[in-house]
Structure formats: C-alpha cells, structure tokens
Engineer: 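Okay, here's the structure, questions in a sec.
No experiment lies behind these values; they were computed from the predicted model shown. We name chains A, B, ... by the order of the sequence lines, and we start the count at 1 in each one.
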4 protein chains.
Amino acid sequence: MNKRSGHESRKRIIESAVKLFSQSGYNGTTMRMIAKEAGISVGGLYLYFKNKEELSLYLIKEKLNEFYSKVLLPLKDIQSPSQALKEYFTKAIEFAKENRELIIIHGKQQGFAFGVEIKKELLKKEREILAEIIKRGIESQEFNEIEPEEVAKLLMNILGGYLLSVVVEPENLFKLEVCIDVILKGLLKRSNL
Amino acid sequence: MNKRSGHESRKRIIESAVKLFSQSGYNGTTMRMIAKEAGISVGGLYLYFKNKEELSLYLIKEKLNEFYSKVLLPLKDIQSPSQALKEYFTKAIEFAKENRELIIIHGKQQGFAFGVEIKKELLKKEREILAEIIKRGIESQEFNEIEPEEVAKLLMNILGGYLLSVVVEPENLFKLEVCIDVILKGLLKRSNL
Amino acid sequence: MNKRSGHESRKRIIESAVKLFSQSGYNGTTMRMIAKEAGISVGGLYLYFKNKEELSLYLIKEKLNEFYSKVLLPLKDIQSPSQALKEYFTKAIEFAKENRELIIIHGKQQGFAFGVEIKKELLKKEREILAEIIKRGIESQEFNEIEPEEVAKLLMNILGGYLLSVVVEPENLFKLEVCIDVILKGLLKRSNL
Amino acid sequence: MNKRSGHESRKRIIESAVKLFSQSGYNGTTMRMIAKEAGISVGGLYLYFKNKEELSLYLIKEKLNEFYSKVLLPLKDIQSPSQALKEYFTKAIEFAKENRELIIIHGKQQGFAFGVEIKKELLKKEREILAEIIKRGIESQEFNEIEPEEVAKLLMNILGGYLLSVVVEPENLFKLEVCIDVILKGLLKRSNL
DNA sequence: TATGAATGAGGCTTCATTCAT
DNA sequence: TATGAATGAAGCCTCATTCAT
C-alpha cells in the first residue's frame with residue numbers, strides 16, 4: 001500500500017499510458033497494462049481519469065500543447081523564412097523521435113476518433129504559422145509567388161508523412177537535408193539560390 | 001434465408017470490409033459490423049474467409065496489387081521524368097480517392113502488424129521505380145544532382161502524408177498543382193525552368 | 001450430383017458417422033465432417049436423419065443389437081458354463097476391437113445422455129444371460145456357490161473396463177488368457193481345477 | 001458485487017467445475033454453467049484460471065494426486081498381499097464414491113486429450129505398486145504363479161469398470177465382497193483357501 | 001433425392017469499469 | 001487515496017439446422 005502523493009501517481013499514470021499507447025495503440029493497450037506499468041491498482045486509475053477515453057484525450061492534449069509551445073511558437077521569432085522552415089522540420093522531427101507516439105496525434109490511427117476537435121484546432125494554428133512564414137518569404141522576394149496556404153499544407157503533409165514513417169516504416173525514411181534542400185530549391189527564387 | 005450466389009456474397013463482404021476497415025480500422029471494426037453492412041449473417045462471413053485476419057489480409061493484398069498495376073507499373077512507360085512524377089502523384093491520388101481505405105496500406109495503423117511483409121515488398125518496388133525515374137532525370141540533365149534513392153523516399157513520404165490527409169483531415173489537403181510545382185522546381189535544373 | 005439410391009446414401013452416412021463418432025466423440029464430430037466423409041451434402045444428412053441426436057441414437061441402437069445378436073445370443077447355445085464365459089470375453093473383445101466405438105455404448109462418455117434407456121435394456125439382458133450361465137455352472141457343481149447376479153455384474157464390469165482400455169489406454173490392456181484364467185480359477189470349484 | 005475472499009471464490013469454482021465436469025463432461029460443461037454454479041460471473045472465472053483447459057487440467061492433477069496419496073501409497077505399508085488387494089478395492093471405491101468425477105480421470109471421455117501424460121504417469125505407478133504386491137504374494141507362496149504385471153492390469157481394469165459404473169450405471173454395480181472373493185480365489189493357491 | 005449458402009444461438013475469452021473494503 | 005475481486009457486455013468464432021434451388 002504505497003502512499004504516494006496524488007500528484008506522483010498521476011504523473012506515473014500519464015507516463016505509462018504514453019509509453020503503452022505509442023507502443024501498442026489505443027485498443028492494444030488495456031487499463032490493466034497501464035496500471036501495472038504505473039505500479040498502481042486498476043481502481044487507482046479511475047481516481048485520476050474518468051475513463052480510458054478521457055485518459056487518452058488528456059494525453060493528446062498534452063502532447064499537442066507541448067508540440068505547439070516547443071516547435072511551433074518559437075518559429076515566430078525566427079527572422080529568415082528559409083531558416084524558419086528548416087527549423088520547423090528539424091524541431092518537429094526531433095520532437096517526433098522523442099515522442100514516437102506523436103503519430104497518434106499527427107497520424108490519428110483509425111478508431112481514434114475522439115480528440116479530433118482539438119487536433120483540428122492545432123492543425124489550423126500550425127497552418128497559419130507556416131503560411132505566415134511563407135508569406136513573409138514571398139514579400140521579401142525570397143520565395144517564388146505561390147499560395148502560402150497551399151504551401152503550408154504541403155509542408156505539413158510532408159512532415160506528416162515523415163512522422164508516420166518514423167513509426168511505421170523506418171526503412172523508408174529520407175534524409176532530412178535532401179528534403180529541405182529540394183523543398184527550399186522549390187520555394188526559393190532562382191536569384192536566391 | 002436470402003439465397004445469393006456465392007460470388008455475390010463474397011463481393012459484398014469485401015466491399016463492406018474495405019469500407020468499414022478504412023472507416024474504423026481493424027480493431028474498431030467488428031465482424032458483426034461487416035456482416036450487417038454486407039447484409040449477411042455473422043456465420044456467413046466465415047464461409048468466405050477463415051477469420052478476421054485473413055479477411056483483412058486479403059484486402060491488403062488486393063489493394064496493393066491494384067495499386068502496383070494501375071499506378072506504379074505504367075510509370076515505366078513514360079519517357080519524360082517530370083511527366084512521370086506528375087503522373088505518379090496524379091494517379092496515386094486519384095487511386096487514393098477511389099480507395100480511401102488505401103491508408104490502411106500506406107498508413108498502417110497500430111495493431112495491424114500482419115501483412116507487413118507484403119507491404120514492405122511493394123514499398124521497395126515503389127522506391128526502385130521512382131529512383132529509376134529520378135536517375136534518368138539526372139542523367140538527361142533535367143534534374144539537379146541529388147541522391148535518387150533519397151528523393152524517391154521523399155516523394156513517397158509526401159504521397160503518404162497526402163493519402164493520410166485524404167482520409168483523416170480533408171481540410172488540410174493541399175492543391176496537387178502547387179505540390180507538383182514546388183517539387184519539380186526543387187528538382188529541375190534552373191536551366192530547365 | 002451423384003444420384004445414388006437412397007439406401008446407399010443412408011448406409012454411407014451410418015458408416016461415416018460410426019467412424020467419426022468413435023474417433024472424435026459426439027461433440028468432436030460435426031455434421032459437416034460426417035457429410036464430407038460420406039461424400040454427401042450437409043443438407044443430405046437431414047434427409048435420412050432428423051438431427052444429430054437421432055443419428056447417434058440410431059447408431060447406438062444398431063450396435064447394441066449387433067452386440068446382442070453376435071455376442072450375447074450365441075452364448076445360450078454353449079453347453080459348458082466355463083466355455084460360455086470364455087466365449088463371452090473372447091467374442092465381446094473381438095467385437096470391441098472391430099467397433100472401437102463400442103465404448104460409446106458400454107462406456108457412455110459424458111454428455112451422451114440420450115439412448116440411456118436402450119442401453120439399460122441391453123445391460124439387463126446381458127446380465128440375465130450371464131447370470132443364467134453362472135447359475136447353470138453352480139447347479140452342475142462346476143462353480144462355487146456365489147450369487148449369480150453379482151458375478152454377472154462383475155464379469156460385465158471387467159469387460160467394460162477392458163473395453164474402455166481398448167480405446168483409451170492400450171498400454172494398460174491385460175492379456176485375455178490371464179484374465180480368464182484368474183476369473184475361472186475364482187469361480188471353479190477346487191475339485192474342478 | 002459480492003466481495004468474497006479470493007480463496008473462497010477459487011474453492012467454489014473448483015467445486016462447481018468438478019461437479020459439472022463429472023456430470024456433463026468437458027464439452028458438455030460451459031464456462032457459463034460453471035460460473036452460475038459457483039455463484040460468480042463469467043469473467044470472474046478467468047481471474048483464477050487462465051482458460052477452460054487449464055481449469056480442467058488443474059482438476060485432474062489435483063484428483064490424481066489425491067488418489068495417489070490416499071489410496072495407492074498406503075498400500076505399500078500393508079504386509080499381507082491379499083489384505084493389500086482388498087484395501088486397494090475398498091479404498092479406491094470409497095474414494096470414487098466421494099469423487100464421482102474420478103471417472104474423468106480413470107475413464108477419460110472423448111475429447112479430453114490433455115492431461116494425458118499426467119494420467120499415464122499415475123497409471124504406471126499404480127501398475128507398479130500392484131505388481132509389486134502380486135509378486136510378494138507369489139514369492140510368499142500365497143498366490144498362484146501368474147504374471148504379476150498382467151494381474152496388476154486386470155485388477156486396474158476391474159476397478160476402472162467399477163468406477164465407471166459408479167457414475168454411469170449404478171444398477172450394474174456388483175457387491176464388492178463378491179468381487180474380492182472371486183478375484184482372491186482366482187489368485188490364491190488352493191492350499192491357502 | 002440432393003445441394004450448399006445462409007442463419008443465429010451459443011461457446012470461449014477479454015476488458016473497461018465498479019465498489020466493498 | 002488505494003486496492004483488486006467482481007461484473008457483464010461484447011468480440012471472435014463454430015456448428016446444427018434450414019431452405020431456395
């Protein structure tokens with residue numbers, strides 16, 4: 001009968017859940033597994049989270065927020081648009097590797113329908129931030145004239161595909177530099193190359 | 001007891017399974033759901049497929065083969081590398097829209113571990129075909145000098161991300177032309193623009 | 001679409017059922033198995049037997065009758081009581097080896113509750129025939145004075161155990177001669193040894 | 001939700017399973033039946049036994065061990081061979097009456113193939129112990145010269161048949177004294193009668 | 001007389017959730 | 001705050017049985 005502070009138990013539940021969900025997915029992870037990993041009783045889980053869905057929802061939110069504040073927000077402070085895009089890829093991928101379960105967020109595996117609203121919100125913010133960067137690049141004559149919104153989506157898709165690969169088919173991972181190289185060549189005005 | 005031809009029942013099962021698997025994933029789809037959607041009894045399912053796994057495996061194989069013969073193989077007959085790449089995206093995406101469930105293949109959600117070998121095989125072929133196209137583009141001085149294998153992977157990733165979006169977050173779909181435009185600009189030698 | 005005479009189909013069903021029931025038991029044998037073995041369709045089975053229970057019931061009856069007419073009845077014609085008992089064991093065991101499924105009858109495996117009445121009837125007849133033999137043996141001063149009914153039961157039990165072993169634990173089968181030897185020594189008056 | 005001690009639940013499951021298995025056999029007994037009889041939920045069963053097979057296996061092992069230590073082992077301490085054999089029957093039958101389900105062990109109904117190894121082992125030990133008794137009887141000139149192993153098998157078969165009857169056809173049960181009488185007369189040298 | 005696709009109840013098992021302690 | 005035995009719905013699968021052909 002370990003008497004831990006409630007705070008600590010909660011933390012351990014979250015850590016265990018993140019680990020297991022990303023290892024075995026939502027359906028593949030049972031509450032018992034989480035309890036065991038967290039060194040807590042099954043009943044204990046329900047003291048901190050109403051049910052499995054709520055727990056996973058919390059995890060998603062948390063990760064999304066972390067992604068936002070660690071990866072997206074800092075982009076706004078970078079002057080050079082090309083540099084910002086490089087950072088976007090580098091940081092996002094770095095983040096993904098530390099949080100393999102990120103795909104749960106970017107990839108949304110089947111049957112993980114809840115949390116959709118929250119995800120959409122983040123995706124929108126992400127799109128806006130990237131579009132803003134592209135726009136600045138166009139205005140500063142650095143980038144070709146292309147629709148910023150569309151390019152933003154493209155970049156996000158590339159990243160999404162990459163993240164998926166990180167988890168699913170590592171043998172298909174491309175070199176980041178090549179990717180950035182091609183993309184930037186595609187965006188930059190010839191005069192800037 | 002509706003008496004259908006065995007062939008028709010089989011077809012309906014496949015259609016229903018494809019639809020449901022792509023909507024709700026492997027774990028999220030129950031045999032009862034498939035049976036209901038196919039207008040057949042649960043037991044009837046097992047007249048045509050040994051079990052759930054075998055059913056889903058069949059679906060995967062079928063789609064992969066279709067993708068290979070309809071999208072990948074024709075690329076070999078296209079002379080111009082840029083044209084071939086355009087076709088790759090156009091056809092693949094067209095195929096994806098007709099088969100929203102393709103993500104089951106390109107995306108592989110958690111807990112869908114079987115059929116992995118078959119998928120890897122296709123991915124390898126896909127990579128080789130694309131790399132071959134890039135190589136030809138470089139040799140003909142059309143493309144910049146970049147590692148063909150890496151670019152192939154990049155292209156596949158972009159497509160993968162796109163396919164994911166087709167299913168998961170349609171609001172994030174980029175315009176195909178923009179994508180092709182950026183990528184080709186990134187690949188083509190300045191002198192070819 | 002084999003057009004067989006109804007008689008032949010029936011015969012083949014019976015043979016197949018006997019074979020499979022004795023191999024795999026009642027629950028372990030499916031109607032489909034029987035149909036396949038008989039080279040007939042599943043539906044065809046039901047043209048000849050109302051259901052599985054009725055089929056197995058018929059089999060039991062048939063075998064019991066065969067046992068009665070082939071093994072038990074002939075005993076009445078044997079003059080010498082000792083000889084009759086020898087015959088009882090020899091013939092019964094011979095019959096059992098040809099009809100491994102006999103245990104279904106003598107042994108009545110669990111969950112085979114129907115057909116009980118018919119079995120009881122045969123057991124009663126068997127007991128009477130044996131008791132009659134013993135009685136004659138006692139009257140002719142050949143056997144010790146023992147309760148004929150009880151000895152009859154004992155003999156039947158020994159046989160039952162033997163039959164069980166035939167099917168279940170062949171490594172535990174005793175030599176028939178030893179058995180007969182011991183039993184007869186136990187029954188015969190010393191003066192007759 | 002009745003809160004019983006884990007120990008009590010386990011005990012009740014075992015008792016119920018023993019009862020039902022011996023009544024209706026392995027296939028004839030469903031987990032639902034056991035749960036109901038034990039006054040527990042279906043899921044509860046799986047808290048104590050991994051699955052149906054494991055449950056039945058446990059039962060078999062338990063009973064076999066009990067039979068060995070209560071019935072077989074004590075025989076070794078009995079000086080007189082005849083007395084030992086009498087004890088064998090008396091104790092074994094007594095045990096059987098208390099454990100009607102013993103036939104599950106001695107009888108092995110169809111489709112109860114697991115646990116066979118364990119049973120064979122016990123049968124071997126049983127045969128050896130009995131053979132040893134017979135041998136001593138022969139050496140001490142008490143018994144006729146017969147193959148001890150064979151007689152051992154015979155005795156086991158008689159017991160097996162008896163046990164079967166205890167459960168299946170009580171109207172066919174012979175009187176124990178008669179049995180012992182006949183058998184011993186069959187074994188004992190005339191001079192010892 | 002014969003077929004075999006179709007049915008659906010029911011078997012085993014898992015697991016999110018509850019609640020007495 | 002914590003436990004873990006208990007619950008029961010629901011999942012996968014089998015199989016005796018039916019019936020349109």
Engineer: Are the side chains of I34(B) and L55(B) in contact, using a 4.5 Å heavy-atom criterion?
Structural biologist: yes
Engineer: Listed by chain and number, what are the salt bridge (Lys or Arg N to Asp or Glu O under 4.0 Å) partners of E15(D), not counting sequence neighbours?
Structural biologist: none
Engineer: Just by modelled atom types, is the I60(B) backbone N or O under 3.5 Å from a matching donor or acceptor in the K119(B) side chain?
Structural biologist: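 No; judged by distance alone, with no hydrogens or angles, the pair does not exist.
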Engineer: One thing to verify: whether E8(A) and K11(A) come together as a salt bridge, which I'm taking to mean a side-chain N less than 4.0 angstrom from a carboxylate O.
Structural biologist: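 Salt bridge between K11(A) and E8(A), a charged N being under 4.0 Å from a carboxylate O: no.
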Engineer: What would the secondary structure line of DNA chain F be in dot-bracket form, counting Watson-Crick and G-U wobble pairs under 3.5 Å, with [ ] for pairs that cross earlier ones and | for pairs with another strand?
Structural biologist: .||||||||||||||||||||
Engineer: Donor-acceptor pair, S24(A) side chain versus F21(A) backbone, under 3.5 Å?
Structural biologist: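 No, because the side chain of S24(A) does not come within donor-acceptor range (under 3.5 Å) of the backbone of F21(A).
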Engineer: Atom OH of Y48(D) to atom C1' of dT7(F): distance rounded to whole Å?
Structural biologist: 12 Å
Engineer: Mind listing the closest non-hydrogen atom pair of N51(C) and M31(C) along with its distance?
Structural biologist: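 Scanning both residues completely, I find the closest heavy atoms to be C-CE, 4.3 Å.
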Engineer: Nearest to the side chain of I40(D), heavy atoms from C-beta on, is which of dA2(E), dA5(E), dT7(F)?
Structural biologist: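 Minimum distance to the I40(D) side chain belongs to dT7(F).
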Engineer: What are the two closest heavy atoms between K61(D) and I118(D), and how far apart are they?
Structural biologist: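 Answer, listing the atom of K61(D) first, then I118(D): CE-CD1, 3.3 Å.
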Engineer: Side-chain contact, heavy-atom cut-off 4.5 Å: I40(A) with R12(A)?
Structural biologist: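 They are not in contact (no side-chain heavy atoms under 4.5 Å apart), so the answer is no.
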Engineer: Write down the distance between NZ (K36(A)) and C1' (dC15(E)), rounded to a whole number of angstrom.
Structural biologist: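 To the nearest whole Å, that distance equals 15 Å.
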Engineer: Does any part of the side chain of F49(D), heavy atoms only, come nearer than 4.5 Å to the side chain of I14(D), both counted from C-beta?
Structural biologist: yes
Engineer: For I34(C) and dC15(F), give me the distance from atom CD1 to atom C1', rounded to whole Å.
Structural biologist: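 Spelled out: CD1 on I34(C) to C1' on dC15(F) is 12 Å.
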Engineer: Find the distance F49(A):CZ to dT18(E):P and express it as a whole number of Å.
Structural biologist: 16 Å
Engineer: Do nucleotides 8-14 of chain F as a string where each nucleotide becomes B, S or -: B if the base has a protein heavy atom under 4.0 Å, S if just the sugar-phosphate does, - if no protein is that close.
Structural biologist: B--SSBB
Engineer: Below the 4.0 Å mark, does dT1(E) have OP1 or OP2 next to a side-chain nitrogen or oxygen of S9(C)?
Structural biologist: no
Engineer: Whole angstroms only, please: what is the CD-C1' distance between E54(D) and dC12(E)?
Structural biologist: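 One finds 14 Å between C1' of dC12(E) and CD of E54(D), rounded.
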Engineer: Provide, to the nearest angstrom, the distance between the CG atom belonging to L55(C) and the C1' atom belonging to dT17(F).
Structural biologist: 14 Å
Engineer: Between L47(C) (CG) and dG4(E) (P), how many Å, whole number?
Structural biologist: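 Rounded to the whole Å, the gap is 13 Å.
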Engineer: Report the distance from atom CD1 of I13(D) to atom C1' of dA5(F), rounded to the nearest whole Å.
Structural biologist: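 Going from I13(D) (CD1) to dA5(F) (C1'), I get 11 Å.
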Engineer: When the C1' atoms of dT21(F) and dT1(E) are considered, how many whole Å apart are they?
Structural biologist: 13 Å
